[in-house]
Every structure is written in C-alpha cells, then in structure tokens.
Protein chains: 2
Amino acid sequence: MRSIAITIVVALGACTQAARDHASDAPREIARFNQQMIDATRRMDDAAILALWEDDGASLLPGAAPLAGKAALRELLATIHAQHPRARMASFEMSCEGLEVASAGDVAHEYCREHQVVEEDGQPTFDGRGRMLFVLHRGADGVWRLRREMWQQAP
Amino acid sequence: MRSIAITIVVALGACTQAARDHASDAPREIARFNQQMIDATRRMDDAAILALWEDDGASLLPGAAPLAGKAALRELLATIHAQHPRARMASFEMSCEGLEVASAGDVAHEYCREHQVVEEDGQPTFDGRGRMLFVLHRGADGVWRLRREMWQQAP
C-alpha cells in the first residue's frame, strides 16, 4: 500500500513536472519568438512574419474587422506591399514586458512596444509607435506562435 | 507490478482530469464574468468593476502608459468621475467572441466589442464603440478575474 501511495505521488509529480518544464522554458523560447518577429519585420519578409502566426490566429487592428486566419493576414500584408511597393523599413525596434505563462506552458501573453520608420521615394517618412498585446500558443510541435494580437497607438 | 502500472495511469488521469474540469467549466464561468462586467459598467459601480480585476492586472489604453495594479485603475476611475460628476451611463452593451482557455484552465482570452452612450447635463452625448482583448486568470479561489486588457477604437 505504501509503495502504491509513493507511486501515485511520483506519477502526479511527473505529470506536473512536464507542465512546469514547458512553463520554465517559455521565457527563453518567447524571447526567441520576439527576436524572430523583429528580424522578419525589419526584412519586411511576409513569409517569415506569417510563419510566426498560428493558422487560425487573429489580429485586431483599430477601426477594422478582426483579421482571422492566415489567409486574411497574408492579404493584409499583400495589400500594404501593393500600396507601398517601394517602402523600405529604415528601422524597427520592439521591446516586450509583462510576460506570463499558463501553468501547463501552452499559453502565454506579453505586451510590446514598437517603433518603426518607413521610407518611400517621393513620400513623407512614416515614423510610428505602437503597442501590442500578444497572446501566444505553444503548438504540438513545441513552437510558440502568435494566436491573438491587438495593436494600438503608443504614447 | 500490474497494480502499480494501473495506479500510475489512474493518478495521471486524475491529474489531467482536474485540469480538464477547470477548462470545461471556463466558458460558463467567463460568460458570468462578462455579465458582471456589463452590470457593473451600466451601474458605473467602480468597486464592482475593480473587484473583477486581479490586484496586479494591467490595462493598456491608447496613447497612455500601462495602468498596472488596482491602485492605478482605481485612480483612473476616480479621475473620470471627478471630470464628469454628473455623467450617466444611458446604455452599455458588450459582446465577446473567440474565447480560448489554456489546457490547465488557469488562463483564458477573448475579444469583446462594447458600445456605450453616456449622457451628462450641459454636455454633448458621448456615443462610443470600442474593442477589447481580455486576458483572464483563474485565481486560487476558482474565480476568473481580468489580468490584461487592451482597448482600441472599434469599426
């Protein structure tokens, strides 16, 4: 009976330990996600940006209906490129804070500030600052991807 | 040996079942949270609104520094009341979608639209529409409270 009790404790321990391992790896993994987002945005690399999203993620931009699903996100990026074919990302900075991870290590959230300067021949330079609330999900493959994003004007 | 193996399976099952129970109860519990937020906002009941927040929750409003912690949230509500002492909430509607719950049932997120009409003697009626991304956390007492909120102008 004692060995069964110990077995239960060990089994429960193993169960919660796996969740804790996911949760404790998350800050490092999500820092990597953030850097990949910065790198992809600096390169204006739509494929790399879309790869950071889950297939049925949703982006919430001010004054627009939710962009739900990768097809809608791809269309938005294509529209921006079509409207600004010669735009160059002169600089893009992003820093995040407030990271919290669900106990099973499958969901996380953080909020980030970004500052972008976009140059385009014959157009005034765009110099904008935004803030995003990111909800991230850890897929079955162990990779964190963006699940929800809301964007707002930063101070 | 066989009984130990069965015991492990049962123990692991109990461990994950508890998480599943939390997660499966969440939609009903969060619908209740949403209704409490609607009721408190309609009454302009600051104490009831603040009770729906976690102590160290943070609200992200456009163009302002993050309001982190209940003291900062309380101050914002007090400032609004001081600036608009005779404001009345003529109507407030909110509807939410996209609810997702972390596997352990401790974190959830949803996005909501709100429409508020505020009347004040001698002032033009305020008729505004917003959208919020809510991140909720289930406390040790089993109660869901707001952990992060970002607000933006709705279409």
Side-chain angles (χ1 to χ4, degrees), chain A residues 1 3-20 22-23 54 56-66 68 97-113 129-138 147-155, chain B residues 1 3-20 22-23 54 56-66 68 97-113 129-138 147-155:
Chain A
M1 193 58 213
S3 73
I4 292 180
I6 290 169
T7 305
I8 292 175
V9 169
V10 169
L12 286 171
C15 170
T16 53
Q17 187 61 44
R20 271 199 298 270
H22 288 323
E54 292 212 323
D56 46 359
S59 176
L60 303 161
L61 301 174
E97 62 184 305
L99 176 66
E100 294 184 348
V101 183
S103 63
D106 57 340
V107 174
H109 57 91
E110 60 178 349
Y111 49 97
C112 305
R113 291 188 61 167
R129 291 172 191 272
R131 189 165 51 197
M132 296 83 76
L133 179 53
F134 284 162
V135 178
L136 296 140
H137 182 247
R138 189 177 182 276
R147 184 88 194 149
R148 296 281 186 271
E149 170 203 40
M150 182 176 272
W151 189 96
Q152 67 180 190
Q153 202 73 37
Chain B
M1 193 58 212
S3 73
I4 291 181
I6 291 170
T7 304
I8 291 174
V9 169
V10 170
L12 285 172
C15 171
T16 52
Q17 187 59 46
R20 272 199 298 270
H22 288 324
E54 290 212 323
D56 45 0
S59 177
L60 303 162
L61 301 174
E97 62 184 305
L99 176 66
E100 294 184 349
V101 183
S103 63
D106 56 339
V107 174
H109 56 92
E110 60 177 349
Y111 49 97
C112 306
R113 291 188 59 169
R129 290 173 191 272
R131 188 165 53 198
M132 295 83 76
L133 179 54
F134 284 163
V135 178
L136 296 141
H137 182 248
R138 188 177 182 276
R147 183 88 194 150
R148 296 282 184 269
E149 170 202 39
M150 183 177 270
W151 189 97
Q152 67 180 192
Q153 203 73 35

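Reminder, nothing fancy here: chain letters follow the sequence lines and each chain counts from 1. Since the structure is predicted, the reported quantities are computational estimates derived from the model, not experimental observations.
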Using non-hydrogen atoms only, which part of Arg147(B) is less than 4.5 Å away from chain A: side chain, backbone, both, or neither? side chain
Under 4.5 Å, counting heavy-atom pairs only, tell me which of His137(B), Glu100(B), Gln153(B) racks up the most with chain A. Glu100(B)
So which atom in Ala65(A) and which in Pro155(B) form the shortest heavy-atom distance, rounded to 0.1 Å? N-CG, 4.0 Å
Hey, which of Val135(B), Val107(B), Asp106(B) is the one that makes side chain to side chain contact (heavy atoms under 4.5 Å, CB included) with Val107(A)? Val107(B)
If you count heavy-atom pairs under 4.5 Å between each of Pro62(A), Ala108(A), Ala58(A) and chain B, which one has the most? Pro62(A)
Heavy-atom pairs under 4.5 Å with chain A, option from Glu97(B), Arg129(B), Met132(B), Glu149(B) with the top count: Met132(B)
About how many Å separate OH of Tyr111(B) and CZ of Arg148(A), when rounded to the nearest 0.5 Å? 5.0 Å
When you measure from the side chain of Arg131(B) to the backbone N and O of Leu61(A), does any donor-acceptor pair fall under 3.5 Å? yes
Are His109(B) and His109(A) side-chain neighbours, meaning at least one heavy-atom pair lies under 4.5 Å? no
For the CZ atom of Arg113(A) and the CG atom of Leu60(B), what is their distance to the nearest 0.5 Å? 11.0 Å
